[in-house]
Amino acid sequence: MLRRVLALTGGAVLACAAALASTSPAQASTNVTFGPTSIGEYCHAQVSSFAWIGFDRGSIQCYGGNGNQYAGSGSPYQACDYLTTGVVLSASRGAYDSLVCEIQ
């Protein structure tokens with residue numbers, strides 16, 4: 001009798017888990033690319049009010065003033081978080097020092 005109850009309970013748990021897995025919609029991710037002026041918005045707000053342009057060179061490099069003087073650096077992941085409203089999955093360097101954010 002005990003084996004039968006355990007078998008029924010185990011089957012119900014497996015059926016419930018399978019139902020939850022099949023009803024959960026898969027959430028797609030998308031890549032969004034940001035150029036120097038968009039990165040500059042992050043730089044201005046989070047790194048230095050002196051900054052107005054930025055590049056992803058492994059870390060975010062911020063520049064401003066006359067002659068594009070170095071104003072500081074920031075995090076690509078934090079820049080993605082600042083520039084998007086989605087959940088940031090990753091941040092990477094794109095072509096021409098752009099910032100590519102994978103969001104969900």
Side-chain angles (χ1 to χ4, degrees):
M1 179 72 176
L2 181 58
R3 274 192 273 171
R4 186 173 179 173
V5 170
L6 289 175
L8 290 174
T9 305
V13 169
L14 289 175
C16 198
L20 286 175
S22 65
T23 59
S24 301
Q27 297 206 0
S29 64
T30 186
N31 289 338
V32 181
T33 302
F34 294 99
T37 54
S38 295
I39 298 170
E41 292 176 24
Y42 161 78
C43 287
H44 182 77
Q46 301 295 319
V47 176
S48 169
S49 60
F50 175 73
W52 60 275
I53 193 166
F55 303 96
D56 183 4
R57 296 183 175 140
S59 68
I60 298 296
Q61 303 293 305
C62 303
Y63 298 87
N66 296 332
N68 288 329
Q69 297 170 344
Y70 178 74
S73 63
S75 161
Y77 184 86
Q78 289 176 343
C80 284
D81 192 44
Y82 177 82
L83 294 168
T84 63
T85 57
V87 175
V88 178
L89 301 175
S90 68
S92 60
R93 183 178 178 188
Y96 307 105
D97 293 330
S98 64
L99 175 63
V100 179
C101 303
E102 183 183 4
I103 59 171
Q104 189 171 30

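Just the heavy atoms: all of them, side chains too, but no hydrogens, waters or symmetry mates, feed the values below.
- In the hydrophobic cluster analysis, where Ile, Leu, Val, Met, Phe, Trp and Tyr join through side-chain heavy atoms closer than 4.5 angstrom, F55 is grouped together with W52.
- Looking only at side-chain heavy atoms (C-beta outward), L99 and I60 come within less than 4.5 Å of each other.
- To the nearest 0.5 angstrom, Y77 atom OH is 9.0 Å from S90 atom OG.
- Contact of the S49 side chain with the H44 side chain is registered, since non-hydrogen atoms from C-beta on lie closer than 4.5 Å.
- Judged purely by distance below 3.5 Å, without hydrogens or angles, the side chains of E102 and S29 pair a donor atom with an acceptor atom.
- At a threshold of 4.5 Å between side-chain heavy atoms, the hydrophobic network of Ile, Leu, Val, Met, Phe, Trp and Tyr places F50 and Y42 in two separate groups.
- When hydrophobic clusters are built by joining Ile, Leu, Val, Met, Phe, Trp and Tyr residues whose side-chain heavy atoms come closer than 4.5 Å, directly or via intermediates, V100 is not grouped with V88.
- There is a path of hydrophobic side-chain contacts, each under 4.5 Å, that joins I39 to V32.
- A 4.5 Å side-chain heavy-atom check between Y63 and Q69 finds every atom pair outside the cut-off.
- Rounding to the nearest 0.5 angstrom, the gap separating the OG atom in S38 from the CG atom in L83 is 6.5 Å.
- Here the side chains of P36 and I53 are in contact, with some heavy-atom distance below 4.5 Å.
- Taking the charged nitrogens against the carboxylate oxygens, D56 and R93 have no contact shorter than 4.0 Å, which rules out a salt bridge.
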